[in-house]
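Read through the structure below, which is laid out as structure tokens, and then see the notes.
In the text below, chain A, chain B and the rest are named by the order of the sequence lines, each starting its count at 1.
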Amino acid sequence: MESIKHFINIISAPYVMFPLILAVFFFIFPPTDRLLAIHKKLRLYKLWTNGGGIALFSSLIIIFAFGLTDSNFRRIVTKPDNVPIAGLIFLVVFFLWWSMKQAWENDERMAQGQGPREAEDAKEKVLVWPDLVYIELIALILCTVLLIVWSIFLKAPLEEPANPTVSPNPSKAPWYFLGLQEMLVYFDPWIAGVLFPTVIIIGMMAIPFLDTNEKGCGYYSFRERKMAVSIFMFFWLVLWVFLILVGTFLRGPNWNFFGPFEPWDISKLEALTNVNLSEIIYMIWLKQRLPQNIFLREIWGFLLIFFYFGAAPLLLAKTFLKNLYARLGSLRYSLFTFLLLMAVSLPIKMILRWVFNIKYIVAIPEFFFNI
Amino acid sequence: MADQTDETKGILKRISETPVWESVFRTGIPRNRRQRMMVILNNVFLHLHPVRLPKHGIKLKYTWCMGGLSFFIFLALTVTGILLMFYYRPTVEYAYGDIIDLKEQVPLGIMREIHRWGAHLMVIAVWLHMFRVFMTGAYKSPREFNWMVGVVLLVLTMLLSFTGYLLPWDQLAIWAITVGSNMAGATPLVGTSGPGSSLLAIGDVNFVTPSSDARFALIGGRFIGEAALLRFYVLHCIGLPFVIMIFMIVHFWRVRKDGGISSPL
Amino acid sequence: MGENGQPQNTAQTDPVVSKPVTRAGMEIASPPEGSADTAAVDRRSFIKWLAVGWSAFAAVAAGYGALVMRFFFPNVLFEPKQSFRAGFPEEYEMDKVSERFKGKHGVWIIRDSEKIYALSTVCTHLGCTPNWLENDNKFKCPCHGSGFYKTGINFEGPAPRPLERFKVSLDDGGQIVVDKSKKFQQEKGEWSDPESYLVV
Amino acid sequence: MNPQERHYNINKLNVIFAASSVLLLAALVWLFVDDYSRGWKDYQKEFRALEIQKTRLKHSQTLSKLQAQEEYQSLGKVLEAARKDFAANCNSKELGKETAQQGAENDLLNQDYKFTKAGYDAARYRYESAAAHHPEDAGRAKEEFDRLDKKIQELRLAVERSNQAMKDREERSKACGAKLKELERKERVLAKDSRILETKLAKIDPHQMNLANRMADVVRDSPIIDFANPNYKIEQIVLADMREDLNFIDVPRVERCVTCHLGITNPDYKDSPQPFTTHPDLELFLGNESPHPLEEFGCTVCHGGRGRGTDFTSAAHTPSSEKQGEGWKEKYNWHELTHWDRPMSSRPYIQSGCFKCHSGQMVIPGAEKLNLGINLIEKAGCYNCHFIEQYKNWPKPGPDLTKLASKISKEWAYRWIDNPHAFRPDTWMPAFFNQSNTSDPQSVRRNQQEIHAIVHYLFNQGGEFALERMPSAGDPKRGEEIAASVGCLGCHQVTPPEEDQPTTRTLLRRLHGPNLSGIGNKTSSEWIYSWLKDPPQYHPETRMPNLRLSDGEAADVAAYLSGLKNSVYENVSVPALDEKVIDEVVLTFLSKSGTLQQAQAKLLSMSLDEKLDFSGLRLIRHYGCFSCHNIKGFEKDKPIGTELTFEGSKTPHQLDFGFIPIDHSAPAWFAQKLRDPRIFDKGRVKPHDEKLRMPNFKFTDEEVEAIVTVVLGLVKDGPPSKIVPRTMRNLFLEEGQKMVRLYNCQGCHILEAEGGAIQPTVKEWLIRYENRSANEAEAVVPSFSPPNLVGEGKKVQPKWLFDFVHEPVTIRPWLKVRMPRYKFTTTQLNTLVKYFSAQDNQEFPFAEKTDTALSREERQAAEKLFSKDYFDCAKCHIIGDKLPEGSPENWAPNFALAKERLKPQWVMDWIKNPQELLPGTKMPAYFDPTSLDTSGPDDILNGDEHEQIRVLRNYLMTLTDSYGTPVADAPASLPQTPASASF
């Protein structure tokens, strides 16, 4: 029992869990035909059947049931404001399964030359009164029931009166912003708190214009738009929901990482031995003091960033993403690659941190400009 | 029903034949097809819906009803929120005590719980709605604009929740908002701790100061205090609901105008 | 109302805005109908007025924006005063971190062998309040784990820069005055500013 | 017909649209301009110009002073040389390169150490936590920990070595520049003042700015962006403790006065025009060290007005005079702020602000006008008719009238009531009749009869006062001398008041009792004699003490006083009794309690005597005579006037201005009311008994101003706890001060640095009866006046003080003036004793017991010091019956009383440094307080001054009435010494 917990504690560390997810993710949601073939070979689509659903759900329930026997896990999960996040896990898994199940069914139908089920349904028209109006009424009645029962069982949290001089440890933002707060570990506030949210909003708004695939409109499907779904799932599930879960359940005092079954020990220490790129280059490689001139000091970082956002898309357009470039045209392509690179920069920065202890690529704290 | 007497039938009938009844309900009880269409067309609220839908459009399997639930939770939050406003005073002196009183003495102060959990639920419902729309490709032409409006609604939903978070004025509230609002201070150029803030200066005179930057505009002070509480209160109760309503109206209007529920071509 | 000939009448009786103008107006609605000879003149005046109107309108819109923006910055603040008296230099022990004003003013006052300086208790990462750990001889922020030396220099955790120091001076009576409205940042080389410390 | 379905001419619409857009734009610009132009900005600009001018001047002065300094000049030369030297020797490039190289290595090493240390700390935690939670992993964790531990030990050595090397190098390069640094430091110290001014100028003076800053100076205050970092901004102070009363709720006070009054705390602006002038008294107000610092007290707490106001009118400024108001209207477009209850106090009444917090104190130091007002209120007895919380239970100021018949005649009483000021211009008795609303013939007629009725009632009370027979006719001449010397003149005057004498508090002390000039016309010498012998016999609550006069002395004084004549009333005729008018009066009162018919019937049944009695009673009640005088039959009546406890909070709407064309403000109304209490009846048609009845005290304008100041300070919104803390000490002080005031102690003594009103009369007495020249008299006045009581609490033992005040004894036999005997209750005596203790911060009631025993050697030493050879104490001091030689003004108090009277510690302090305890005392200083250890005689007690003082003190504490005999209560263990007999 203890060793299982210990094991879970170890694998839930971001630097274990995140690479694991990265490794598995693209097999579960294969963006390309080649990965899809592997996916099929591994029979991962079985996840999206009733049996898979039962397996998914029962394992989720087992994890929670098992977890709730542990006092640390229980304390975190049953904190009133964390309850919706536990609910969120179940809801997300359920709706993910449900949508993917329908998508696979439709994919199968279409593979056999039939249209999607929705197309069949759509041939028939139904009057809104009373069918839709009625189920809506029932849905909102049930929703109200849920709210009332939830409110009766769980009181809204109220802590000590506000005290500007005593900050609780850890101080956490509202849960839906914990993804951003988690990013703060790897990025400066101006990136994690301002730039990323802006890019996320713009990126989301740009989805309809970037996804020029006309197929898959109005019905669940996967294979026809696997690239789009895969990227969306990656952003939404991994970079948003997963980071929220990490921020909520796995970050304890001093924003240190704590496994789900690990007590929140305020004195836990992690070796933080981060260096800036400029320090690596000048101090470790060139064995010099850092140059006084800021620009000279950070020139390498700037070059790297320039390459990443400027040259890399061009190179990709000529090589890996040739087809994509052709399909999207230059404007859409550059927007797409910019957003993609922006998003990918988070895992890149994480890995740079874990592997090379890199704190900032460009570090100009004098002007609050750190990347 | 079977052994209903003629007399009772007569009463119901008589009521439904009075001019008052008829002036309100034009259609009568929707029994036949025409009446079922008319009842949707004639009612300003039901008119949100089209008269008829392709069959998959009414299937829960397809829609998950998440859009409708988001709107419903919004309405529930509006009602409970208005009720809470009768007992809550957004000042440093009173806010915390008023929240305690909601639990301790206000009759049916459980409104606060419904409001808070409803807020969480709304964020989740909006996300799932977005997820469903994505999975059915419903953002594709001709619904691009409505997807964008939807993104705005998602952002507004989170801002509404965020501004409401401060109001209980407890440790949870001010420190969550401190962490959140400090990010505004890191805005490039116009935040004191953001890159380039020192560029907005002439000579020795700096124009981006803790009392004139983006964070200040948000919280009305140099730290979370009386002014922040009032600003968040006004945004939470008036400002953002007003904006989100406008966007919702556009959203619903465009759902109808862009061809109703998305269907396979 | 529906079938009056008013527009034509007005156009005819008005000596300044005469008939052609009316046509120009129609032209916008349906270009093919315009008469070629007078159209150029009409178009110019048409565009001129339209330009004046809309640029004024745009300016007004910008003005509204400025108005709303300005409204959010009040002319006075009801926040506590930013400077305070911190007693006499002799009250501070050598090489000790004084937490006397941490709670009330958010300042540590530290005396080393040469000088006295005042450190802000605001973590440079996200503004939490670090704790002074006497045994470890460091400040540790509870929020995200940043650590600072007694000098305020950051050495661990996500804090991007050292803690800020405040202006310290002596008043006429020889008491230390800490002015929190003036900050000194090490990374800008401001700690060598003589206002940032008191020589004792 | 209209295929486009158009109606309007689109071009016309375009023009209209353009015009309206432009109009809207103009309106918007106007809106911004209107918001931007605020009056205070102009003041701030003006002030800045002033500031620049002042700073420039100061700077050039400081600079020229600095440059004239020799030290500075020579330092400049040395510094220059040192700089050259430094550049030549210390700044080698090679050295810099080497340093950089070494620095890089050092940095890397340090970083390595830092990281290893971090890893080490983490490994330690892992080991600890593994050992606690997962023992199976502990072994591995320990291995890692040990490895890092070893590594860190190694690294540490390397780092320390490297750091030391780096430090050494730095030291070396520093050493080269050390001299320069030291010189630079010196220069900094010398030029500090001028540097500060320079930096200030660079901030405010555009001529001292570079181009960018000059641009910024303009841009920062431009509209819309003036939020970011403006020069000109509203300055405000929020006072959390000084709450503003907004009716049923207190809110923090917000003070924006300093937005325009920019120089208010800066002494440099003393001579600048308003609004920049410095506050006239920074010692007392606003200064950081003052008791009322700006940050804590703000402005409106004292001055009133609306602290949030930022323009001249909205700050509720109040002009000092109508003329000033007119000027303001012209200059500032000022008008009275109508919807604000607490406008600023106008200058004449400014001290009313003090009273808000200091209303518990009898004397408010520094607020002379207010103090005068308080004294006047007490003397005039305003609180008798107008209830004032502070004066609850104060005694009635007027004499007891129950035994009036024994004192004066009815005619005299009539004339007095009719016009008291004619007989005694400085009397506190106000005039009730012949006032502005009762001067018409009908009223005059009625008034005459009313006075008759009152007199009738007063003389019919039946009070008995047995006049004592005088032992002799008395010698007026001797009586005059006695009156001049024993202390009567501390409270009374015997000459008619001088014209145009300004009212001061010292004068009021001498008006404590009535002016006695003309008393011969008022009453008989027998009455005076009886009164002097025992005042409470006639007036049980009188504050007149017993002067302890012998029968002969009393007779002399009585003879003298009855010779003081004033014949003003001789020529005043008393009108005859007119029953018809009396009937009218009676009817007025009767008809109030019944129908007119009943009244008339009742009237018919009354005799004249009954009528007079009836109307006398009603009239005394009507006019409130009983408020100040004890009159039989009014023991339970309530004051007849408006309560004044919160009178200052009244708004003008609550005051009836009648038809009097004065400023509609509360101060103006109060002033007018006091000058002519009946004036607001002018133009009103009222029956006689409804006319205003407040009597006329004939206050001078300055007195009126002082009283109005107090009344305006009687407000509701004082700070809840008042600012003076309610400690026992302060309560004792307040109580004591009240007694001091009531019994006019300061008429004779100096207390709290005030009083001694009697001293001028002592001087006169010295000139007249002791044949001193004016100068001489002036010099010795303090010796012949009642003693200065400064430090009394420290000086005397509480028990002795209690006994002394209860039954005075003679301490200073050379004094003619004598401490009278008061009929104080035990409570009152205790109050006084506590008051003196509190004054000097003494423990009360118990003090530490001091051992005053003397050993044989000590006694001998003390006697030696006491003797002629050393201090010669007996030269001035009386010891029991033994009087010193020489003239009495050099005498000093009786040593025999010391043991019972003086506090041992005080005696020592006194011997050590008498001038400190009583500045100006005749007591010589035998020791030098500045160098005590070397100032005493060296041959006694080994020259130990502290010991000398101690034994001398102990010796004094053994002296008794019969000086020279052995001390009875000397400790038995000590051999009794006969040595003192040699004296």
Side chain, backbone, both or neither of [X] within contact of chain B (heavy atoms, under 4.5 Å):
{"X": "A/Phe209", "result": "side chain"}
{"X": "A/Lys155", "result": "both"}
{"X": "A/Gln102", "result": "side chain"}
{"X": "A/Leu127", "result": "both"}
{"X": "A/Ser171", "result": "both"}
{"X": "A/Val126", "result": "both"}
{"X": "A/Pro197", "result": "neither"}
{"X": "A/Leu146", "result": "side chain"}
{"X": "A/Lys123", "result": "neither"}
{"X": "A/Val133", "result": "side chain"}
{"X": "A/Asn213", "result": "both"}
{"X": "A/Ile152", "result": "both"}

Greatest number of heavy atom pairs closer than 4.5 Å to chain A - which of [options]:
{"options": "B/Ser193, B/Gly225, B/Gly68, B/Cys65", "answer": "B/Ser193"}
{"options": "B/Lys140, B/Met158, B/Lys59", "answer": "B/Lys140"}
{"options": "B/Ile114, B/Val152, B/Leu53, B/Leu128", "answer": "B/Leu53"}
{"options": "B/Arg143, B/Lys103, B/Met183, B/His115", "answer": "B/Met183"}
{"options": "B/Gln35, B/Arg52, B/Arg132, B/Lys61", "answer": "B/Lys61"}
{"options": "B/Phe145, B/Trp169, B/Phe131", "answer": "B/Phe131"}

Can you tell me how far OG of B/Ser197 sits from CZ of A/Phe368, rounded to the nearest 0.5 angstrom?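 Answer for the CZ-OG pair, A/Phe368 versus B/Ser197, is 5.0 Å.
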Report which part of [X] has an atom under 4.5 Å of a heavy atom belonging to chain A: side chain, backbone, both, or neither.
{"X": "B/Thr192", "value": "backbone"}
{"X": "B/Leu154", "value": "side chain"}
{"X": "B/Ile73", "value": "side chain"}
{"X": "B/Tyr139", "value": "both"}
{"X": "B/Val39", "value": "side chain"}
{"X": "B/Leu46", "value": "side chain"}
{"X": "B/Leu69", "value": "side chain"}

Geometric class of the B/Phe162/A/Phe177 ring pair [parallel <30°, tilted 30-60°, perpendicular >60°]: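 Ring orientation of A/Phe177 relative to B/Phe162: perpendicular.
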Over 60° means perpendicular and under 30° means parallel, so classify the ring planes of B/Trp127 and A/Trp236, tilted if in between.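 Aromatic pair A/Trp236/B/Trp127 classed perpendicular.
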With a cut-off of 6.0 Å (strictly less than), are more than 12 heavy atoms of other residues, nucleotides or ligands near CD of A/Glu214? no
Do the side-chain N and O atoms of B/His56 and A/Glu120 include a donor-acceptor pair separated by under 3.5 angstrom? no
[X] side chain near [Y] side chain, heavy-atom distance below 4.5 Å:
{"X": "B/Leu121", "Y": "A/Leu147", "result": "yes"}
{"X": "A/Glu136", "Y": "B/His49", "result": "yes"}
{"X": "A/Phe95", "Y": "B/Met135", "result": "no"}

For the pair A/Tyr176 (side chain) and B/His120 (backbone), establish whether a donor and an acceptor sit closer than 3.5 Å, ignoring hydrogens and angles. no
Do A/Asp81 and B/Leu172 pass the side chain to side chain contact (heavy atoms under 4.5 Å, CB included) test, and can you show the C-alpha distance, the side-chain angles, and the key distance before you say yes or no? CA-CA 10 Å; A/Asp81 261 359; B/Leu172 194 65; 3.7 Å; yes
Is the distance from the ring center of A/Tyr219 to that of B/Tyr62 below 6.0 Å?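 Not close enough - the centres of the two rings lie 6.0 Å or further apart.
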Can you name the closest pair of heavy atoms from A/Leu154 and B/Trp117 and give their distance?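 In terms of heavy atoms, the two residues are closest at O-NE1, 3.0 Å.
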Which atoms form the tightest heavy-atom contact between B/Ile58 and A/Ile135, and what is the distance? O-CD1, 3.2 Å
Cation-aromatic face contact A/Arg225/B/Phe134, 6.0 Å, 45 degrees: yes
Between A/Asn163 and B/Gln171, does the side chain to side chain contact (heavy atoms under 4.5 Å, CB included) criterion hold? Intermediate values first, please. CA-CA 6 Å; A/Asn163 181 355; B/Gln171 281 287 71; 3.7 Å; yes
